[in-house]
Amino acid sequence: MPYVFTVSPDFTPDHLSGWYIFNTWLQHQTKAAIHLELYDHFQGQRDAIQADKIDLIYANPFDAAMLVREKGFLPLVRAEGESDEAIIAVSADSNVTDVAELAPGTRVAFTDDPDVKLMGMIMLEPGDLDAGNIVPVSAGNYVLVAKHLLKGEADVGIFLAEAFDDLSSMIRKQLKILVRSQISVIHHSLMIGPKLQDRRAEIQQILVDMDNDEKGIGVLTSLGFNSWHKIEDEQMEFMIDLMDTLNT
Amino acid sequence: MIADMNPEDIVGDYKEVTLKLFDGTSRRVLYTEIETPYPDGKLIVSTTDTEGVITHVNRSFVEMSGYSEEELIGAPHSILRHPDMPPVAFKDLWDTIQRGEKWQGFVKNLRKDGGYYWVKATVIPNVRGDKVVGYTSVRRKPSHTKVAECIKLYPTLFSLF
Ligand SMILES: Cc1cc2nc3c(=O)[nH]c(=O)nc-3n(C[C@H](O)[C@H](O)[C@H](O)COP(=O)(O)O)c2cc1C
């Protein structure tokens, strides 16, 4: 039975082939059979985690607590310089200039990326908005969040900052940023499950050394990363505690 | 023990009061009516040991409090205590986190320069293994409405504790 590797469903579509290349590289380096299983939605992935079908995961920070505390996962590495930030934006035509001007009943467009939605909802709190008094407008991806704003189907949108910055300049010009988060300590993490944990130190070292080798650099580039950094257990615990405070 | 506040650090006209701290010591604080608005998009984060002595602060904490990181690490968290905060709020905070639960509330904090800033704070116990090794507080920007409610409510709570 091969080990199963999965990636948080919020990965950028451009990097889809990168994850397959990475998985091939990892199998070669570890001499282990690893199957890459991708899920379209977070719920499907969480069901697989609950059923103990996953051995390696590039996890969304929102799921880190469940992975560590309920499923015995441990952190390996994070992508250097990458952190998850959120943006609150409105249509450029909107009169709103500050979140504080928003009122209950505001239509909020978002995707199902759990950490971005969480950060975004926190940035809407200064306007007395919460899950109970907004009108949710769910969207399949961030381009669609933008389209809801441009068509007047939503009043504000919650974006992953990176995805907002990647929108075409034509779309971005028609949007106005109200808030951009500067949290910097919330990030995706590559984590290892119980079945593979006797090889944790070895796999961690392989990943940390990845940018020392020409082939490795090529694989990292296809993922949009520069290098992997080791995550200490306490750093992971700190991020889990931080997410826990935000999740209230 | 926290040092008294220094008039040379204060910006603007100030009042003076001596706060009685929970550990039996007291501190002379100087405070002004100058509010520093909460920075958009940022979280102010600190961690303490189990006694409430600061062990970690992030950059936003340093910027908003006006103290340097060196002044903060090792200081009791009451270094930010503002005279307008009713003691019962902090009693509730400590009772809650010592039961192992999360505490959330609105806090007016005192800056080194005598000014103040309002936050919405969430404090949780840091559990490692089965042990509480400290506490982490994460603050976010509060809504005007909630702050206005606290400005009315807090003065009425001083007689309670
Ligand atoms: C993690 C943590 C964060 C805290 N943050 C603050 C704070 O920002 N401002 C504050 O006045 N008290 C804060 N406190 C509460 C203080 O420890 C203290 O109880 C309070 O300032 C009142 O002082 P006293 O308990 O000596 O009377 C915090 C406590 C903990 C455990």
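Throughout, a chain's letter reflects where its sequence line sits, starting with A, and its residues are numbered from 1.
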Any residue of residues 137-144 of chain B which, by heavy atoms, sits under 4.5 Å from chain A
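Heavy-atom contacts from residues 137-144 of chain B to chain A are B:Val138, B:Arg140, B:Lys141, B:Pro142, B:Ser143, B:His144.
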To the nearest 0.5 Å, tell me how far [X] [atom1] sits from [Y] [atom2].
{"X": "A:Ile186", "Y": "B:Leu43", "atom1": "CD1", "atom2": "CG", "value": "6.5 Å"}
{"X": "B:Asp40", "Y": "A:Ile177", "atom1": "CG", "atom2": "CD1", "value": "12.0 Å"}
{"X": "B:Thr145", "Y": "A:Asp128", "atom1": "OG1", "atom2": "CG", "value": "3.0 Å"}
{"X": "A:Ile240", "Y": "B:Asn126", "atom1": "CD1", "atom2": "CG", "value": "11.5 Å"}
{"X": "A:Asp241", "Y": "B:Thr122", "atom1": "CG", "atom2": "OG1", "value": "12.0 Å"}

Contacting region of [X] [heavy-atom separation from chain A under 4.5 Å]:
{"X": "B:Arg59", "result": "neither"}
{"X": "B:Ser60", "result": "neither"}
{"X": "B:Val127", "result": "backbone"}

For [X], does the [atom1] atom sit with more than 12 other heavy atoms under 6.0 Å from it, leaving out its own atoms?
{"X": "B:Lys108", "atom1": "NZ", "result": "yes"}
{"X": "A:Gln235", "atom1": "CD", "result": "yes"}
{"X": "A:Lys195", "atom1": "NZ", "result": "yes"}

Would you say B:Val45 and A:Thr245 make side-chain contact, with heavy atoms under 4.5 Å?
no
Is the shortest side-chain N to carboxylate O distance from B:Lys102 to A:Asp244 below 4.0 Å?
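A:Asp244 and B:Lys102: salt-bridged.
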When every non-hydrogen atom of B:His56 is compared with those of A:Phe238, the smallest separation belongs to NE2-CZ, 4.0 Å
What is the minimum heavy-atom distance between A:Thr248 and B:Gln104, and which atoms define it?
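Shortest heavy-atom separation between A:Thr248 and B:Gln104 comes out as O-NE2, 3.5 Å.
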